[in-house]
Protein chains: 2
Amino acid sequence: MSQIRKPPTMADIARVTGVSPMTVSRAFKTDSLISKETRDAILKAAEDLGYVFDATASNLRSQKTDFVAVTIPSINNANFADTVGGLSETLAARNMQILLGYTNYDMQEEERLIEQLLRRKPEAIVVTGGKHTARARKLLENAPIPVIETWDVPAEPIGRFVGFSNAGVVRGMVDHLVRTGYSRIAFIGGDVGRDTRGSDRRQGFLEAMRQHGLDTSRLIAAGPPPISMREGANAMARLLEQFPDTEAVICVSDLSAFGALTECQRRGMRVPEDISIGGFGAYEIGSICVPTLTTIDAHARDIGRKTGSLLLDILDGKQDVGDVLIKPQLIVRESTR
Amino acid sequence: MSQIRKPPTMADIARVTGVSPMTVSRAFKTDSLISKETRDAILKAAEDLGYVFDATASNLRSQKTDFVAVTIPSINNANFADTVGGLSETLAARNMQILLGYTNYDMQEEERLIEQLLRRKPEAIVVTGGKHTARARKLLENAPIPVIETWDVPAEPIGRFVGFSNAGVVRGMVDHLVRTGYSRIAFIGGDVGRDTRGSDRRQGFLEAMRQHGLDTSRLIAAGPPPISMREGANAMARLLEQFPDTEAVICVSDLSAFGALTECQRRGMRVPEDISIGGFGAYEIGSICVPTLTTIDAHARDIGRKTGSLLLDILDGKQDVGDVLIKPQLIVRESTR
DNA sequence: TAGTTGGATGGTATCGATAACAAAGGCGTT
DNA sequence: AACGCCTTTGTTATCGATACCATCCAACTA
C-alpha cells in the first residue's frame with residue numbers, strides 16, 4: 001500500500017533502458033525526434049517501473065507550467081462555473097490546467113489570491129471583474145504574463161477584457177419594462193460595496209429610472225452577496241411591505257428572482273398578473289419554473305470560451321488581438337407581461 | 001505594460017540587500033530564524049524590485065507543493081461545489097491549494113485526470129466515488145501520497161474514505177414512503193453505467209422495493225448524468241404516460257425533482273395530493289420552492305470539511321486515523337404526505 | 001568515392017530555491 | 001578568563017527535467 005523507496009526518475013528509466021536521460025525526456029514529448037523502437041522501449045520501462053512524470057522539475061527548467069490562473073467570486077454560482085467550463089474546454093486542447101481561486105466577492109481576498117496564484121508562475125491570469133485593490137492592480141500590471149478581465153468592461157483595463165456593461169444590461173431591462181407599461185419598478189440586489197458587478201447593475205437601474213423620470217426609491221438591499229433564493233424571498237417580503245403598489249421587480253440574479261417568485265406564490269399573488277419579476281443570468285431554473293422567468297442571458301459559457309481563444313491567440317503571439325464585447329440578451333418569458 | 005527584462009530572483013534581492021540568497025529565502029518563511037531588521041530590509045527590497053516568489057523552484061527543491069488534487073464529476077453541481085468549499089476552507093489554514101479536475105461523470109476521463117494531477121506532485125489526492133478503472137486504481141495505489149475517496153463507501157477502499165452508502169439513502173427514502181402508505185413508487189435517474197453513485201441509488205431503490213414486495217418496474221432513465229431540471233421534467237412526463245397511477249416518485253437529485261414538480265404544475269396536478277415527489281441532495285431550491293421538496297441531506301460541505309481534517313491528520317502522521325462514515329439525513333417536507 | 005544532409009542520440013549546464021551543514025558573534029555562567 | 005549555548009548568517013550541493021550544442025551514422029547526391 002505505501003511506498004518506501006522513492007519514486008523512479010527519468011534517470012532510472014535511462015539506466016534500465018540503456019539510453020541517456022535526455023532521450024528519455026524526448027520519449028515523453030510527442031513532437032520530438034526519436035525512433036519508434038527507442039520510444040516504445042522507454043515507455044514500457046516507464047510503465048514497468050511505475051514512473052510518474054515530474055511536472056515540478058519540468059516546470060522549473062522549461063519555465064513553463066501550462067497553468068492558467070483564474071479567480072471567480074464563488075464556486076457556487078452556475079454562471080461563473082459555466083465560464084470556467086467554457087474556458088476549461090478551450091484550454092484542454094493545449095493541455096493547459098486551470099488553477100482556480102475563489103474571492104468570495106471580496107477585493108481584499110482577491111488581492112491575496114492573485115498574489116498566491118502568481119507564485120505558481122501561470123502562463124496567464126484571468127480575473128472576474130474589472131475593479132481591484134491598488135495592490136492587486138499593481139501585481140497584475142507587473143506580471144510578465146497576459147491578463148484578462150472578464151464579466152465587466154473595466155474603466156481602466158489592465159490587459160484585455162471579455163465582458164459587458166453590467167449597468168447596461170439592467171438599463172435594457174428597465175427600458176423594456178417601461179416600454180411594456182410599467183412605472184413602479186423596484187430593484188432587489190446585494191449590499192453596496194462588496195459585489196462590484198451587482199453594484200453596477202443597481203447603478204444601471206438608478207440611471208435608467210432617472211432617465212425615464214421614474215421613482216428610484218424602491219431599492220431593497222438583500223445582504224452581502226451572493227444573494228440566495230432565501231434572501232430573494234425575504235427581500236420580496238420586505239418590498240411588498242414597504243411598497244405594496246410595486247408593479248415590477250428586477251432582481252440581481254435569477255436565483256433571487258426565483259426566491260422572490262416563491263414569496264409571491266406563498267402569499268397567493270399571481271405573477272405576472274399582480275406583479276412582474278425579472279432576473280439575470282439565464283440560470284436553468286428560470287427557464288423551467290412556473291411561471292418561467294424573464295431574464296438576461298450574459299452567455300456565461302461563451303465568455304469562458306472567448307476568453308480561452310483570446311488567451312491562446314495572445315500566447316501564440318498573434319498581433320491583432322482585441323477586447324471582446326459580449327452582447328447580453330434579454331429573454332422575455334412568462335414572469336413579465 | 002509588458003516587461004522586457006526578466007523577473008527578479010532571490011539572488012537579485014540578496015545582491016541589493018547585501019546578504020546571502022539563503023537569508024533571503026529565510027526571510028520569506030514565517031517561522032525561520034532571522035533578525036527583524038534583516039527581514040524587513042529584505043521584504044522592502046523585494047517589494048521595490050517587484051519580486052514574486054517562485055513556487056516552481058521551491059517545490060522542486062523542497063519536494064513539497066502544498067497542492068491537494070481533487071476530482072469531482074462536475075463543477076456545475078452545488079453538492080460537489082459545497083464539498084470542495086468545505087475542503088478548501090479546512091486546507092486554507094495550512095495554505096494548501098486545491099488542484100481541481102472534472103471527470104464529467106466518466107471513469108475514463110477520471111483515469112486521464114488522475115494521471116495528469118499526479119504529475120503535479122500533490123501532497124494528497126481526493127477523488128469522488130469509490131469506483132475506478134483498473135489503471136486509475138493502480139495509479140492511486142502506487143501514488144506515494146494519501147488517497148481519500150469520498151461520497152461513497154468503496155467496496156475495496158484504496159486509502160481512507162469519507163462517505164455514505166448511496167444505495168442506503170434511497171432505501172431509507174423508500175422505507176419512509178412505504179411506511180407513509182405508498183406502494184406504487186417510481187424512480188427517475190440517469191442512464192445506468194455512467195454515474196456510479198446514481199446507479200447505486202437506483203440499485204438501492206430496487207432492493208428496497210423488492211424487500212417490501214412492491215412492483216419495481218417504474219424506472220425512468222432520464223439520459224446521461226448529470227440530470228438537469230429539464231430532463232427531470234421530461235422524465236416525469238414519460239412516467240405519467242407510462243404509469244398514470246403512480247403515487248410517488250423518487251428522483252436522483254433535487255434538481256430533477258424540481259423539474260418533475262414543474263411538469264406536474266403545468267399539468268394542473270397537485271403535489272403531494274395527486275403525486276408525491278422526493279429528491280436528493282438538500283439543494284437550496286428544494287427548501288424554498290412551492291411546495292418544498294422532501295429530500296436527503298448528504299451533508300456535502302461536511303464531507304469536504306471532514307475530508308480536510310482527515311487529510312491533515314494523515315499528513316501530520318497521526319496514527320489513529322480512520323474512515324469517516326457520513327450519516328445522510330431524511331428531510332420530510334411538503335412534497336410528500 | 002568523397003561530400004553532404006538530416007535523423008537520432010549523448011553530454012553538460014542550468015532553471016531558482018533551499019536542505020544540510022558550518023561558522024561567526026554575543027551573552028551568561030562558573 | 002574560558003567555556004558552552006543560542007541566535008544569526010553564509011556555503012555548497014541538490015531537487016529532476018530539459019535547453020543547447022555536439023556527435024554519430026546511414027542515406028543520398030554529385
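Side-chain atoms are counted along with the backbone in the values below, which use heavy atoms only and exclude waters and symmetry mates. Per chain, numbering begins at 1; letters A, B, ... match sequence-line order.
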B:R197/B:D195 salt bridge by N-O under 4.0 Å criterion = yes
What string of B, S and - do you get for nucleotides 13-20 of chain D 5' to 3' if you count protein non-hydrogen atoms under 4.0 Å?
-> BBBBBBBB
Would you mind reading off the distance between B:L33 atom CG and D:dG10 atom C1', rounded to a whole angstrom?
-> 14 Å
Below 4.0 angstrom, N of the basic side chain to O of the carboxylate: do A:K36 and A:D40 qualify?
-> yes
What pairs meet the side chain to side chain donor-acceptor pair (under 3.5 Å) rule with one or both residues in residues 144-158 of chain A, with sequence neighbours excluded?
-> A:T83-A:W151, A:H132-A:E149
Does B:R137 pair with B:E111 as a salt bridge, N-O distance under 4.0 Å?
-> no
Set of ring pair (Phe, Tyr, Trp, His ring centres under 6.0 Å) partners for A:Y51, sequence neighbours left out = A:F28
Stretch residues 112-122 of chain B: residues that reach within less than 4.0 Å of DNA chain C through a heavy atom = none
Measure from NZ or CZ of A:R119 to the centre of the six-membered ring of B:F53 and say whether it is under 6.0 Å with the direction within 45° of the ring axis.
-> yes
Rounded interatomic separation in angstrom, taking CZ from A:R39 and P from C:dG7 = 15 Å
Classify the side-chain pair B:N95/B:D66 by whether it contains a donor and acceptor separated by less than 3.5 Å.
-> no
Could you tell me the separation between the CD1 atom of B:I13 and the C1' atom of C:dA17, rounded to a whole number of Å?
-> 11 Å
Partners meeting side-chain contact (heavy atoms from CB on, under 4.5 Å) with B:S62 (sequence neighbours left out) | B:S58, B:K64
May I ask you to decide whether A:E123 forms a salt bridge with A:R94, counting only side-chain N to carboxylate O separations under 4.0 Å?
-> no
How many Å lie between CD1 on B:I34 and C1' on D:dG10, as a whole number?
-> 12 Å
Can you tell me if A:S74 and A:N76 form a side-chain donor-acceptor pair at under 3.5 Å?
-> no
B:S35 vs D:dT8: side-chain N/O to OP1/OP2 distance below 4.0 Å | no
Is the shortest side-chain N/O distance from A:T38 to OP1 or OP2 of C:dA8 below 4.0 Å?
-> no
Length of the CG-P vector between B:N59 and C:dA19, whole Å = 12 Å
For the helix from C:dT1-D:dA30 to C:dT30-D:dA1, how many degrees between its two end axes (five pairs per end), to the nearest 10°?
-> 40°
Side-chain donor-acceptor pair under 3.5 Å between A:T103 and A:E109, yes or no?
-> no
